[in-house]
Number of protein chains: 2
Amino acid sequence: MGTELQSGTNRSYAIIGTGAIGGFYGAKLQQAGCEVHFLLHRDYELVRQRGLRVDSVWGNFTLDSLNVYNDVHQMPACDVVIVALKTTRNSLLTSLLPPVLKESGAVLMLQNGLGNEEAIAPIVGKTHILGGLCFICSNKVAEGHIHHLDYGTITIGEYAPDYQPLGITATLRDIAGDFEIAGIPIQFAEDLLLARWKKLVWNIPYNGLSVVLNARTDEIMGNEYTSLLSEQLMREVVAVAAAYNREIPESFIQKMLDHTANMKPYITSMKLDYDQHRSIEVESIVGNPLQSAIAKNIPVPKMAMLYAQLNFINTQITAKSPLSSS
Amino acid sequence: MGTELQSGTNRSYAIIGTGAIGGFYGAKLQQAGCEVHFLLHRDYELVRQRGLRVDSVWGNFTLDSLNVYNDVHQMPACDVVIVALKTTRNSLLTSLLPPVLKESGAVLMLQNGLGNEEAIAPIVGKTHILGGLCFICSNKVAEGHIHHLDYGTITIGEYAPDYQPLGITATLRDIAGDFEIAGIPIQFAEDLLLARWKKLVWNIPYNGLSVVLNARTDEIMGNEYTSLLSEQLMREVVAVAAAYNREIPESFIQKMLDHTANMKPYITSMKLDYDQHRSIEVESIVGNPLQSAIAKNIPVPKMAMLYAQLNFINTQITAKSPLSSS
């Protein structure tokens, strides 16, 4: 795919969005010896002075000395830019990405939902675009303080126009090499869009209903009607994926239902945002999949209803808290 | 229809459920000279001692001396029994109704939703069953104290098996006569089931969404997606009504939407119950209409989703507050 990524293990990394996800993975990479440059916003001054503390089930550590910035124009162009902003802030990427990205570099989108890779394609030119799906429980508990509670695997796949599957590319292998040295388990997605849709099978019902019903996953699964509703929403997601030639087997739905019914009570990321009066990722997690359904004339009445409800709730959050997106 | 109601204006009334609705209309009837017997529960002792206070836009008054009971077996059998319990307590009617009902009497169900008349038919034998739809803003603001804020018209229709339309019957006219003497505006429904479905066109979207979204009607109509969702729910209700040969014209939907968009901010009765942690009328307002749709194979995906959400919320209310139904 055109340009080649910097070879060897001396790739430089930029972290756009040093929160629970970007901060954690960036800190792990630096801990393993990588050159990492962190873009911060509210935490900038504190992290510059006191460093970044990571409490992790993989072992606690603190980075005392970091390359921190509150302005992308002060940052060097890097080989790999990890985007770990909330998707509600993706409109900023037009200005944030170009200064930090080497022409021969790659962008790794560690974000939820659908359409994030496609949206930045016009901004980044010939740069490789990768998508990453994080299976991790990690929270920012205070400024400059991240708590990694469980899991941590990232599934990565490379993006091509129209989400054509690219298989396991050299770029994926290179970046996976760095992550694995840093102790971060990586799985490859030969078809990024399929991986995105499979994650949406879980994310749409549980993120959505957890906010609308103000509930944990165990509560949703503990009621026969909302458990069935979760399954029906999953079926709608699978139907839309099929319209894009991504076949998700029936057994996958049952696996997700069983897994969720049996796992520990869980508060979804959207519910965490909601509880903290922050804007929720409605568009990337539900709105974009809904638009995909509409474009292919796939009936998704329940997904549409969920979108309307989440849009309503998000409008109320953002009306009450003008700073909620920051 | 078999038996004849006591003629003249000396009909006796029993009020089962002396709350915001039953208490108000019962007090108006007594004020106009009717013999009225009130069944009370929590308010019994206070009302027995101090009477019933009614603050009303039609004029304030207090009834100092009432026939009050906390046990139906102490009550006389009456010509007309007005059932104004919340529908969540309708399982009590098997024991509450027979002692207070003359064989030649009538039962008037002043309740929300669908199926309430049908449900009591096996209990009351040959007694006339009437349904009443109250268009009123009235709250019980304290024990023995009712506040009637606005409106007050009742639409009444007579029930027959399978909700066959009976037109304007003698029983309807007799009871309407008493109500009109008491200053209560009455409209006749020649077809009770049609009247019930038309009210559901409004009640299902707005009662339901007001609880799920924790919102007033103006907020629901102020968001383009939830305004559209209300309309889509209305269309589902109209489709089910049509399957029971009740034609509700397209113009009625637009009238309800316009009316709701233009009326003052309104908190629905289900939302009032929800706000006060009382069980909500899920079954009569959404569950029974949903069962009607299922019985006729009418697809109502959004009504089904609304039901699941309300069932979940109601289960949480009743789990937290074991006395919520009382």
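Note that these values count all heavy atoms, side chains included, but never hydrogens, waters or copies made by symmetry. Letters go in sequence order (proteins before strands), and every chain restarts at 1.
- Using a 4.0 Å cut-off between charged side-chain N and carboxylate O, D273(B) and K86(B) make a salt bridge.
- Using a 4.5 Å cut-off between heavy atoms, L229(A) touches chain B through its side chain atoms alone.
- Using a 4.5 Å heavy-atom cutoff, the side chains of S269(A) and N112(A) are in contact.
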Q111(A) and N90(A): CA distance, side-chain angles, deciding distance, side chain to side chain donor-acceptor pair (under 3.5 Å) verdict: CA-CA 10 Å; Q111(A) 294 191 310; N90(A) 276 5; 2.8 Å; yes

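- Both the backbone and the side chain of E219(A) come within less than 4.5 Å of a heavy atom in chain B.
- Contacts of L306(A) with chain B are made by both backbone and side-chain atoms, with heavy-atom separations under 4.5 Å.
- When each of T226(A), N214(A), T315(A) is scored by its heavy-atom pairs under 4.5 Å with chain B, the top score falls to T226(A).
- Between Y225(A) and Y307(B), the ring-plane angle classifies as perpendicular under the 30° and 60° cut-offs.
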